[in-house]
Amino acid sequence: MATLLIVGSYLSPYVRKVLACLETKGIAYEVDHFVPFFGDDRFSRLSPLRRIPVMVDGDLVLSDSSVICQYLEDRWPTPALFPADIADRARARWLEEFADTRMGDVFIWRLFNQMAIRPAVWGEKGDRGLFDRTVREEVPPVLDYLESEAPADGFRFGAALSIADISVAAFFRNAAWVRFRIDADRWPKTAAWVGRVLASPAFTRLATIEDALLRVPIAEQRAALKAMGAPISAETYAGTAPRRGIISL
Ligand SMILES: N[C@@H](CCC(=O)N[C@@H](CS)C(=O)NCC(=O)O)C(=O)O
């Protein structure tokens, strides 16, 4: 059977979440790395919302990081990334949803989009005012909530990493690339929790690839990834020019 394929960018928090699950579970995979918006017509057929990540496992094609991570858990249950206790499983899914939706809005669509995606993909100047307003007004309630959830030690549901930890921490990589750091005096438990998750083997392995990629122009990224030994697919669903997304916020 063909190796499981993840279509998406190493720099996307949603792709990072899926890759962290694959890494933690020790599942072999390949990545069709391309910057979102560059998908070709075949990608439109694969991903009806033209979003990444997409997973292809044999004849099964799935969109949405949460759907993909749940599939990985069902198909490869060990090590478990969802808590065994039913109430905790539900809590973990809620934290995953909070991260994907609210942290996605704030950290990706407001911060990362303004300072990284608009200049790099669209050749536009980011809105610094929106960035500053978001950091001042929208980020603190997100971090206040995470502080109320952050464990004093270990991970959110004990000693083992779970989907909740992975989903939350994934966004702070992108936030750091646009120079946002958690203020550890104001949100000490969150800063320490995210630090522990990002120090886990799955995240550090991915970070080596991500950090190297940051310095590479978009058109050269696939070749650079292959050269550094990343598991890049032979085929790609990428075209040569970006297209505007079909979902607007
Ligand atoms: N809910 C989706 C969100 C995925 C998402 O927003 N991906 C972004 C990249 S970080 C994307 O594909 N953006 C392109 C677009 O919106 O057209 C998931 O969890 O997979």
Side-chain angles (χ1 to χ4, degrees), residues 4-22 29 31-57 60-73 81-82 92-124 126 134 142 162-178 180 203 206-207 209-210 213-214 218 221 236-249:
L4 184 145
L5 175 69
I6 299 300
V7 180
S9 165
Y10 271 103
L11 302 185
S12 155
Y14 301 99
V15 172
R16 182 171 310 114
K17 172 183 153 189
V18 168
L19 298 185
C21 290
L22 288 161
Y29 64 88
V31 181
D32 176 9
H33 168 89
F34 60 85
V35 173
F37 309 105
F38 277 79
D40 62 13
D41 289 338
R42 288 167 60 240
F43 178 68
S44 301
R45 291 193 287 277
L46 196 74
S47 176
L49 302 180
R50 282 187 59 82
R51 287 194 151 176
I52 54 160
V54 176
M55 184 210 75
V56 183
D57 187 20
L60 178 64
V61 178
L62 295 175
S63 292
D64 194 275
S65 61
S66 301
V67 174
I68 296 168
C69 291
Q70 184 66 63
Y71 168 74
L72 297 177
E73 182 77 0
L81 284 172
F82 288 73
R93 288 196 183 100
W94 155 246
L95 280 170
E96 180 183 18
E97 170 55 25
F98 176 79
D100 288 357
T101 301
R102 187 58 185 149
M103 295 180 72
D105 280 359
V106 170
F107 289 108
I108 298 306
W109 296 109
R110 310 258 208 298
L111 303 190
F112 193 68
N113 185 35
Q114 293 309 323
M115 294 302 132
I117 299 173
R118 288 187 66 186
V121 175
W122 307 110
E124 299 170 352
T134 302
V142 169
S162 79
I163 190 69
D165 308 296
I166 290 173
S167 304
V168 167
F171 285 94
F172 289 103
R173 292 281 296 152
N174 292 70
W177 293 329
V178 290
F180 174 83
F203 275 96
L206 294 170
I209 297 174
E210 295 165 6
L213 203 50
L214 285 175
I218 288 175
Q221 289 185 350
T236 182
Y237 287 91
T240 48
R243 304 179 191 183
R244 294 283 169 185
I246 60 171
I247 299 184
S248 53
L249 290 167

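Just so it is clear, the structure is predicted and the values come from calculations on it, not from any experiment. Atoms within a ligand are numbered from 1 in the order they appear, just like the ligands themselves.
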Closer than 4.0 angstrom: is that true for some heavy atom of Asp64 and an atom of ligand 1? yes
If every non-hydrogen atom of Leu11 is compared with every non-hydrogen atom of Asn174, which pair is closest and at what distance? O-ND2, 2.8 Å
Any non-hydrogen atom of Trp109 lying under 4.0 Å from ligand 1? yes
For Met103 and Val168 the tightest heavy-atom approach is CE-O, 3.6 Å
Quick one: which of Phe38, Phe37, Tyr14 has a heavy atom closest to atom 14 (C) of ligand 1? Phe37
What do you reckon, are the aromatic ring centroids of Tyr10 and Phe34 less than 6.0 Å apart? no
Audit row: Asp165, Ser162, side chain to side chain donor-acceptor pair (under 3.5 Å) steps and yes/no: CA-CA 5 Å; Asp165 308 296; Ser162 79; 3.2 Å; yes
For ligand 1, which part of Arg51 has a heavy atom less than 4.0 Å away: the side chain, the backbone, both, or neither? both
Verify ring-ring contact (aromatic ring centres under 6.0 Å, His included) between Phe107 and Phe172, making sure each step is shown before the conclusion. CA-CA 8 Å; Phe107 289 108; Phe172 289 103; 5.3 Å; yes
Just jot down the ligand 1 atoms closer than 4.0 angstrom to any heavy atom of Pro53, in number order. 20 (O)
Best match, Asn113, Ile52, Leu62: closest heavy atom to atom 8 (C) of ligand 1: Ile52
Of all residues at least two apart in sequence or in a different chain, which pass the salt bridge (Lys or Arg N to Asp or Glu O under 4.0 Å) check with Asp57? Arg75
Would you mind running through ligand 1 and noting each atom that sits below 4.0 Å from a heavy atom of Gly245? 17 (O)
Restricting to heavy atoms, the pick from Gly8, Ser65, Ser47 nearest atom 18 (C) of ligand 1 would be Ser65
